[in-house]
Amino acid sequence: MRGNPDDIANQMLGKIKHFIDQELQDAKENPTPKDVDSWEFGVLDGREEFAEQLKKLIRKWEKRYE
């Protein structure tokens, strides 16, 4: 049921949004140090990029179903 906070789908979406926000906050608070190798930098940068894109996609889907 859309909008029902007790619905399992809404609970899961809330947890996913929280995780995304935490991932983005961590990336902002802890920038990648200059001494990491390029592989590790790519992984860390990729996590941040994925979180940003997933957040945008969820917003798009939510607007579609409002």
Side-chain angles (χ1 to χ4, degrees):
M1 179 183 287
R2 183 112 179 110
N4 179 355
D6 294 328
D7 183 43
I8 190 73
N10 289 324
Q11 291 176 20
M12 292 298 295
L13 186 57
K15 289 179 184 218
I16 291 168
K17 287 178 177 180
H18 178 74
F19 181 80
I20 290 169
D21 290 339
Q22 191 64 45
E23 191 73 26
L24 293 172
Q25 186 67 31
D26 289 347
K28 189 180 291 181
E29 290 176 358
N30 302 310
T32 306
K34 301 295 181 205
D35 63 341
V36 299
D37 61 21
S38 62
W39 182 85
E40 186 177 4
F41 179 77
V43 170
L44 296 172
D45 193 43
R47 287 177 63 127
E48 181 180 6
E49 184 178 336
F50 178 76
E52 289 171 352
Q53 294 301 317
L54 186 56
K55 189 172 188 174
K56 287 178 186 177
L57 188 58
I58 289 171
R59 284 184 190 149
K60 179 181 173 183
W61 289 338
E62 287 178 331
K63 286 181 183 179
R64 181 185 295 172
Y65 292 107
E66 285 182 349

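Glu49 CD: 12 or fewer foreign heavy atoms inside a 6.0 Å radius.
Here the CD atom belonging to Glu52 is positioned 10.5 Å from the CD atom belonging to Glu23, to the nearest 0.5 angstrom. Distance check, rounded to the nearest 0.5 Å: CD of Glu29 to CG of Leu24 gives 11.5 Å. The CG atom of Leu13 sits 10.0 Å away from atom CG of Asp7, with the distance rounded to the nearest 0.5 Å. Expressed to the nearest 0.5 Å, how far CZ of Arg59 lies from CG of Leu54 amounts to 11.0 Å.
Under a hydrophobic-cluster definition in which Ile, Leu, Val, Met, Phe, Trp and Tyr are linked whenever side-chain heavy atoms come within less than 4.5 Å, directly or via other members, Phe50 and Phe19 are assigned to different clusters.
Remark: Arg47 does not engage Asp26 in a salt bridge, criterion side-chain N to carboxylate O under 4.0 Å. A salt bridge between Lys17 and Glu62 is present, with a side-chain N of the basic residue lying under 4.0 Å from a carboxylate O of the acidic one.
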